[in-house]
There are 2 protein chains.
Amino acid sequence: MAEQEQYEELARQLSSIAAVRRDLARVLPADCSPASAIVLTMLRQYGEMRMGKLAELLMIDMSVTSRHVAYAEARGWLERHPDPADRRSRLLRVSPAGEALLRQVSERYTEALATCLRDWSAEDVGRLIELLGRFRNSFDGCRTRT
Amino acid sequence: MAEQEQYEELARQLSSIAAVRRDLARVLPADCSPASAIVLTMLRQYGEMRMGKLAELLMIDMSVTSRHVAYAEARGWLERHPDPADRRSRLLRVSPAGEALLRQVSERYTEALATCLRDWSAEDVGRLIELLGRFRNSFDGCRTRT
DNA sequence: TATTGTTATACTCTATAACTATA
DNA sequence: TATAGTTATAGAGTATAACAATA
């Protein structure tokens with residue numbers, strides 16, 4: 001169990017991190033919003049899936065997810081295929097153009113982070129990733145019960 | 001130096017954290033936007049300051065900061081006093097009502113985080129805070145040079 | 001009837017640029 | 001002239017609610 005002051009500090013740090021995300025987004029290719037990048041990343045990581053599943057992974061409302069998907073589809077970055085199990089749904093899949101875009105996104109994100117974190121050890125980067133993952137999971141489990 | 005895969009994972013984690021921030025914001029008192037909360041928190045933590053300094057701390061444009069401050073002032077949460085050193089500026093200070101609001105914000109943030117992180121040790125919370133702080137600083141230094 | 005997804009609407013946060021007042 | 005701050009405008013992201021199609 002942590003102290004109250006720690007929790008306040010943590011809340012402040014989370015606000016600051018938003019600014020980092022904004023800056024990082026600036027390195028994205030033209031037309032590729034942070035939303036497109038994360039949608040495509042999730043689809044590549046977890047494979048083809050339905051809209052509802054994607055919304056759940058992104059932790060945003062399905063209405064919002066629907067718009068992000070439409071945006072990415074309009075640019076040819078993902079495809080929607082019929083879902084044999086349910087005609088209300090379609091299965092979302094990264095297209096070849098989307099794969100190419102993702103390579104570019106990965107390259108630029110990696111370059112930006114490698115530059116900023118050049119003084120960091122791989123161990124510390126790993127620790128940060130692990131703690132952020134745990135934090136997200138703890139919060140997520142908490143939210144579901146509410 | 002870390003691996004490319006680590007950097008990609010880190011970028012993904014940063015996206016996920018945005019959802020946590022949104023959820024956390026839901027516990028704020030009515031009328032108190034996340035922006036108001038962070039503005040008042042900064043003013044309390046660092047003491048009275050000018051608009052430009054506040055914008056720098058928040059890492060957002062001064063035009064945006066100006067609106068957040070106007071919003072908080074309209075609700076009586078902060079005061080603007082003449083800056084004896086420069087009549088173009090005013091010094092921003094948390095008002096008594098703002099202090100009261102901050103106590104409420106702190107209470108709710110703390111309760112929400114304590115609930116979600118009840119399984120965490122104080123050491124791990126401390127490590128997360130420390131790594132987030134270092135990360136922000138590394139990124140900030142990087143951005144400045146660009 | 002319930003569920004999957006889409007669309008309309010509104011709100012928050014942000015940046016850029018034009019403007020005012022003072023240095 | 002340059003700087004501190006304000007305001008107008010525009011754009012991205014999000015949520016809620018109403019709706020369509022299918023289960």
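Since we're looking at a predicted model, the values are computed, not measured. All chains are named by letter (A, B, ...) in the order of the sequence lines, taking the proteins before the strands, and each is independently numbered beginning at 1.
One atom, CG of Leu28(B), and another, P of dT12(C), lie 13 Å apart when rounded to the nearest Å. The interatomic distance linking Asp83(A) (CG) with dA21(D) (C1') rounds to 14 Å, in whole Å. Straight-line distance from the CG atom of Leu58(A) to the C1' atom of dA15(D): 15 Å, rounded to whole Å. Separating the CG atom of Leu92(A) from the P atom of dG5(C) is a distance of 8 Å, rounded to the nearest angstrom. Atom CE of Met59(B) and atom P of dA15(C) are 11 Å apart (whole Å). The distance between atom CE of Met62(A) and atom P of dA2(C), rounded to the nearest whole Å, is 17 Å. Note: OH (Tyr71(A)) to P (dT14(D)) measures 14 Å, nearest angstrom. The nearest whole Å value for the distance from the CD1 atom in Ile38(A) to the P atom in dG13(D) is 12 Å.
The local environment of CD in Glu111(B) is sparse, with at most 12 non-hydrogen atoms from other residues, nucleotides or ligands closer than 6.0 Å. Counting non-hydrogen atoms of other residues, nucleotides and ligands closer than 6.0 Å to CZ of Arg80(B) gives a total above 12.
Overall bending of the helix from dG5(C)-dC19(D) to dA23(C)-dT1(D), expressed as the angle between end axes built from five pairs apiece, is 0° (10° steps).
Remark: His68(B) is in phosphate contact with dT14(C), judged by side-chain N or O atoms under 4.0 Å from OP1 or OP2. At the phosphate of dT6(C), OP1 or OP2 sits under 4.0 Å from a side-chain N or O atom of Arg90(A).
For the pair Arg67(B) and Tyr71(B), the cation does not sit on the ring face, since its NZ or CZ is not both under 6.0 Å from the ring centre and inside 45° of the axis.
At the heavy-atom level, Met51(A) lies under 4.0 Å from the strands shown only through sugar-phosphate atoms. Residue-level contact check: Arg80(B) touches the backbone only, with heavy atoms under 4.0 Å from sugar-phosphate atoms and none from bases. Contact annotation for Arg67(B): base contact, defined as any heavy-atom pair under 4.0 Å involving a base atom.
Defined by atom type and a distance below 3.5 Å, a donor-acceptor pair is missing between the side-chain atoms of Trp77(B) and Ser36(B). Side-chain contact check for Thr110(A) and Glu8(B): no donor-acceptor pair (N or O, by modelled atom type) lies under 3.5 Å. Under 3.5 Å, the side chains of Ser66(B) and Ser63(B) contain no donor-acceptor pair of N or O atoms.
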Mark up nucleotides 17-23 of chain C, 5' to 3', with B wherever a protein heavy atom is under 4.0 angstrom from a base atom, S wherever such an atom reaches only the sugar-phosphate, and - elsewhere. B---BBS

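Of the candidates dG5(C), dA15(C), dG13(D), the closest approach to any side-chain atom of Ile60(B) belongs to dA15(C). You'll find that the side chain of Ser33(B) is closest to dC13(C), out of dC13(C), dT7(C), dG13(D).
Residue Pro34(B) comes nearest to Ala25(B) through the heavy atom pair CG-CB, 3.7 Å, listed as atom of the first residue, atom of the second, then distance. Residues Gln104(B) and Pro29(B) approach most closely at OE1-CG, 3.8 Å, considering heavy atoms. Closest of all the heavy-atom pairs between Leu113(A) and Tyr7(B) is CD1-O, 3.3 Å.
Counting heavy atoms from C-beta outward, Leu58(B) and Val64(B) have side chains that stay 4.5 Å or more apart.
Residue whose closest nucleotide on DNA chain C sits further toward the 5' end, between Val64(B) and Val69(A): Val69(A).
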